Structure formats: C-alpha cells, structure tokens
Amino acid sequence: MATKENSGTTEPGPAWRAWGRALLGGAVMAVALGTGNALGEALVRALDLDGYPAQLLPAALVSALAVPVVLALRTGRPGSGRPLGLGTPASAAHGFARGLAVTTACAALVLGGGTAAGWVRWSGPDPAALVSFLAGNALVAVLLEALPEETTLRGYAWASLRDRFGGVLSALGTTLVFLLVPAASTVVQAGVAQAVGVAAPPMGLAPAGQDPVAYPVLLSVFGLTLIAARTAPGRAPLWAAIGTHVAFLSVNRVVFEGGRRDAGWSAHVSPVHAAILELGYLAATAAVFTGARLLASRGRAPASGPRTAVSGPRTAVSGPRVRAAAAWLRPVLPSGPRATASGGRRVQPSAATTYSVGVWAGGGSGLVPPVRVLSRASAPRPGAVSRGRPGTAVRRNPGTRRR
C-alpha cells in the first residue's frame with residue numbers, strides 16, 4: 001500500500017512516483033540486458049571462448065548488472081512496502097520447484113492434447129543429449145533472463161505499483177513495462193556494441209525473426225502468467241515466477257527449436273498450431289496459480305454460519321480474527337477451576353481490555369463501546385443505582401456469578 005511514512009503511520013505515495021519506480025525497474029533490466037550482451041560478446045572475443053562458456057559469460061554479466069542494483073534500490077527505500085518475494089535460501093528451492101512443476105505439467109497436458117489431435121509430430125528422443133541440454137539451458141536461462149527479469153519486473157516494478165494500486169492495475173502496469181524492455185534493450189545494446197567494437201542486432205519492438213504482431217501478444221500472455229505465479233500463495237513467490245520462466249523457455253526451446261539447438265528431442269508443428277499450444281499452456285498455468293490464490297483467499301475469509309456475539313448487542317463478530325484474539329488473550333484471562341481470584345469468582349475481561357482487543361483483531365472500535373471502567377472497590381453492586389447518574393441502573397453482566 002504505502003511508501004510514505006509519517007509519525008509511525010504509512011500513507012499512499014503519489015501515483016507518479018509508483019509509476020516512476022516501475023519504469024526504473026524496467027530501465028535497469030533493459031540497460032543490464034543490452035550492456036551484458038554487448039560486453040559479453042566483446043569479452044568472449046577477447047578471451048577466445050567458444051561453446052557453452054561463450055553463452056554463460058554474457059548471461060552472468062546480465063544478472064551481475066541487474067540484480068544488485070534492484071536489491072539496493074528496494075532495501076535503500078525507507079518504509080518499503082511489499083518485499084521482492086525472494087524469501088530465504090531454504091524456501092527459494094521450494095518456490096522454484098513449484099513454478100517449474102506447475103508450468104511443465106500444464107505444458108505436458110496441452111502438448112499431449114495437441115499430439116492426440118495430430119498437430120504435433122515428435123522426433124526420436126536422445127535422452128543423454130536432452131538431459132545435457134536441459135541442464136545447460138536452465139543455468140543460462142536463469143542468469144540471462146529469468147532471475148534478472150523477475151527481480152526487476154515482477155519483483156521491483158510490481159511491488160512498487162502494488163504499494164500504491166490494486167492488483168489488476170499493478171499486473172497490467174508491470175506487463176506493459178515488460179513489453180517495453182526488449183525494444184529498449186536493443187537500443188542500449190546498439191550503443192554499447194558500437195563503443196566496444198562488436199556487431200549489434202537490429203533495433204525494434206520484436207527480436208529478429210519474430211513476428212511483430214504475434215510476439216507482443218505472446219509476451220503479454222507470458223507476462224500475466226508470471227504475475228499469476230508471483231502472486232500465488234506459497235513460500236518465496238518470486239522464485240515460483242523464476243521457475244515458471246525457466247520452464248517456459250525450456251519447453252519452447254526443446255519442442256519448437258530442438259532441432260536447431262541440438263536439444264536431443266524436437267517436434268514438428270505448424271506456426272499457427274504452435275502459437276495456439278503456447279498460449280494454451282500459458283493460460284492453463286495462469287489458471288492453476290490464480291485458482292490457488294483464490295482458494296487461499298477463501299480460506300482466510302471469515303467462516304460462515306452463526307455469528308458469535310462478543311460483549312454486547314452492538315456487534316456480533318466471529319471468524320479467524322476473533323479466534324486469534326482469544327488465543328492471544330488466553331494467557332492473560334484465566335478461566336475454569338483455576339480462575340479463583342477475588343473470592344473464587346470467574347475473572348471477566350474489562351470493557352477497556354475487550355475494546356482494545358476489538359481494535360487489534362480488526363473488529364473496529366464498535367466491538368465494545370468505550371465505557372468508564374470502575375475499580376472493584378468503587379463498583380456498585382449489581383442492581384444498585386449509580387450515584388453519578390441518578391436514575392441510571394448499572395446492568396449486571398450475566399456472565400458474572402456470585403457464590
């Protein structure tokens with residue numbers, strides 16, 4: 001929600017600031033991607049590298065340029081709202097595996113349907129080559145694309161927007177920034193490549209060889225799927241988006257580009273069917289993550305059924321918040337045979353205590369109206385007339401028993 005602090009409370013910052021931070025996250029990614037690719041190619045030539053090391057070096061440079069900058073930007077902000085979602089090292093593997101498993105399962109389901117429909121014709125698999133390709137591709141994909149893009153976009157940019165706006169606008173805004181990154185990175189790469197004396201790819205909204213209309217559509221659906229993975233329940237949610245990102249790249253590079261990349265397995269699919277299958281398994285992945293989030297939010301909603309009356313007719317509240325408040329108060333408010341204070345009478349919570357708990361538990365100040373609390377010595381007997389306000393009887397608490 002908020003990014004502005006004032007006397008211990010947080011208030012929403014201006015909208016332009018949230019959008020500026022989101023665009024800053026996209027700019028960091030574009031600069032890192034363009035610079036890392038251009039400098040990486042120059043270093044590969046200088047070091048005379050070939051094969052897999054020549055792919056790994058530019059990827060490592062992109063992550064080294066993007067991730068520390070974003071972490072410094074987020075941690076350097078006082079009063080930062082939502083965390084990036086990287087979680088602890090122990091939970092990172094769990095989140096990554098969750099994203100990887102959900103996306104791979106949805107891809108297998110949709111591609112299996114396409115195979116049954118006759119859209120996909122598979123080549124003979126080479127297990128050793130396939131495993132080698134998947135392992136090597138995963139590391140490059142994490143360093144070159146998944147880790148820096150998720151940290152800058154679904155991490156920093158999304159969190160900056162979500163601190164100020166709702167979920168839908170934040171998702172659309174982050175996806176819009178995501179669409180701008182490839183074109184901006186080609187501009188940066190062209191400038192850096194000219195400075196270091198290497199060739200640069202042509203500048204444009206879509207990479208060379210990609211359809212200028214189909215590519216933004218696919219990128220938009222992909223971006224929204226990554227938002228769904230980022231906002232799904234579970235530990236280290238940003239690593240779930242990273243796992244989804246890696247699974248998407250791995251599936252596409254094996255199924256649709258396996259022959260060209262020597263992946264050990266590939267498929268023959270027409271361009272139209274390939275687009276339908278890609279969008280289909282991305283939509284299925286987003287549906288799984290969104291469904292998990294909706295189920296988790298329903299589980300956190302107040303339970304239906306008879307509502308529990310709490311201290312008076314003004315409010316009747318029930319559900320997890322009140323149960324949490326009761327558990328919190330249990331060590332303070334004794335009950336049962338051990339509650340023998342003041343002559344064996346059951347100790348009742350004071351109205352002031354219950355009023356404070358109402359605010360803490362989220363029931364609001366209306367949970368119990370604020371009343372004047374009397375000490376035991378000065379409190380009138382039940383049924384007696386108050387001297388402070390003639391004609392006003394003090395109501396007896398039906399829960400109080402006398403021996």
Side-chain angles (χ1 to χ4, degrees), residues 1-6 9-30 66 69-71 73-75 77-87 95 99 102-103 146 148-185 205 215-234 236-242 244-245 248 279 282-298 300-301:
M1 173 182 170
T3 57
K4 181 180 179 181
E5 292 189 346
N6 184 16
T9 61
T10 55
E11 299 177 0
W16 63 266
R17 186 174 298 169
W19 284 108
R21 290 188 177 120
L23 290 172
L24 177 60
V28 169
M29 182 61 214
V69 174
V70 167
L71 293 179
L73 288 173
R74 192 64 179 175
T75 56
R77 264 183 59 199
S80 297
R82 285 169 172 76
L84 293 179
L86 288 169
V102 170
T103 310
E149 285 186 7
E150 299 313 308
T151 307
T152 56
L153 298 173
R154 265 67 60 174
Y156 184 78
W158 178 85
S160 299
L161 292 175
R162 195 65 182 88
D163 287 345
R164 180 61 176 80
F165 304 109
V168 174
L169 183 57
S170 301
L172 294 177
T174 304
T175 305
L176 177 61
V177 176
F178 182 41
L179 291 173
L180 299 176
V181 167
S185 69
L205 294 177
Y215 181 77
V217 173
L218 176 63
L219 207 62
S220 300
V221 177
F222 183 41
L224 294 174
T225 303
L226 293 170
I227 292 290
R230 167 64 179 86
T231 56
L238 191 62
W239 277 101
I242 294 172
T244 298
H245 201 138
F248 172 78
L279 296 175
L282 283 176
T285 304
V288 170
F289 284 124
T290 304
R293 179 168 53 83
L294 294 177
L295 288 176
S297 63
R298 288 185 59 185
R300 290 192 298 265

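Keep in mind the model is a prediction, meaning the values are calculated, not measured. The figures that follow rest on heavy atoms only: side chains count, while hydrogens, waters and symmetry mates do not.
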On a heavy-atom basis, the closest approach of Pro237 and Gly234 is CD-O, 3.9 Å
If I compare all heavy atoms of Ala22 with all of Ala157, which pair ends up nearest, and what's the gap?
O-CB, 3.7 Å
Contact summary for Ala30 and Ala184, nearest pair of heavy atoms
CB-CB, 3.7 Å
Is the gap between the ring centers of Trp158 and Phe178 under 6.0 Å?
no
To the nearest 0.5 Å, atom CG of Leu180 lies from atom CG of Leu23 at 7.5 Å
Is there a side-chain contact (heavy atoms from CB on, under 4.5 Å) between Leu161 and Leu169? Walk through the geometry before answering.
CA-CA 8 Å; Leu161 292 175; Leu169 183 57; over 6 Å; no
Which residues pass the side-chain contact (heavy atoms from CB on, under 4.5 Å) test with Pro148, sequence neighbours left out?
Met29, Val62, Ser63, Ala66
If you compare all heavy atoms of Ala228 against all heavy atoms of Thr290, which two are closest, and at what distance to 0.1 Å?
CB-OG1, 3.8 Å
Using 0.5 Å steps for rounding, measure from the CD1 atom of Ile242 to the CD atom of Glu149.
10.5 Å
Hey, could you give me the CZ/CG distance between Arg74 and Leu86, rounded to the nearest 0.5 Å?
11.5 Å
Does the Arg230 side chain pair with the main chain of Leu238, one donor and one acceptor, at a distance under 3.5 Å?
no
Sorted by chain and number, sequence neighbours left out, side-chain contact (heavy atoms from CB on, under 4.5 Å) with Val70 holds for Val28, Leu84, Thr151, Thr152, Tyr156
Test item: Thr174 side-chain N/O and Ala171 main-chain N/O as donor-acceptor pair under 3.5 Å
no
Side-chain (Arg21) to main-chain (Leu24) donor-acceptor, under 3.5 angstrom:
no
For a quick test of reading the model, state the closest non-hydrogen atom pair linking Ala296 to Pro233 and the distance between them.
CB-CG, 3.8 Å
Is it the case that over 12 heavy atoms from other parts of the model lie below 6.0 angstrom from the CG atom of Leu218?
yes
To the nearest 0.5 angstrom, please state how far the OG atom of Ser220 sits from the CG atom of Leu279.
10.0 Å
Which residues satisfy the side-chain contact (heavy atoms from CB on, under 4.5 Å) test with Leu176, sequence neighbours excluded?
none
Got a sec, which residues hit side chain to side chain donor-acceptor pair (under 3.5 Å) with Thr244, two or more places apart in sequence or on another chain?
Thr103
How would you list, by chain and number, every residue that makes a ring pair (Phe, Tyr, Trp, His ring centres under 6.0 Å) with Phe222, sequence neighbours excluded?
His245, Phe248
Holding to side-chain contact (heavy atoms from CB on, under 4.5 Å), I want the full list of residues that pass it with Pro216, two or more places apart in sequence or in another chain.
none
Straight-line distance of Leu219 CG to Leu205 CG, nearest 0.5 Å:
11.0 Å
Nearest heavy-atom approach of Phe165 to Ala15 is CZ-CB, 3.5 Å
With rounding to the nearest 0.5 Å, note down the distance linking CG in Leu224 to OG1 in Thr175.
4.0 Å
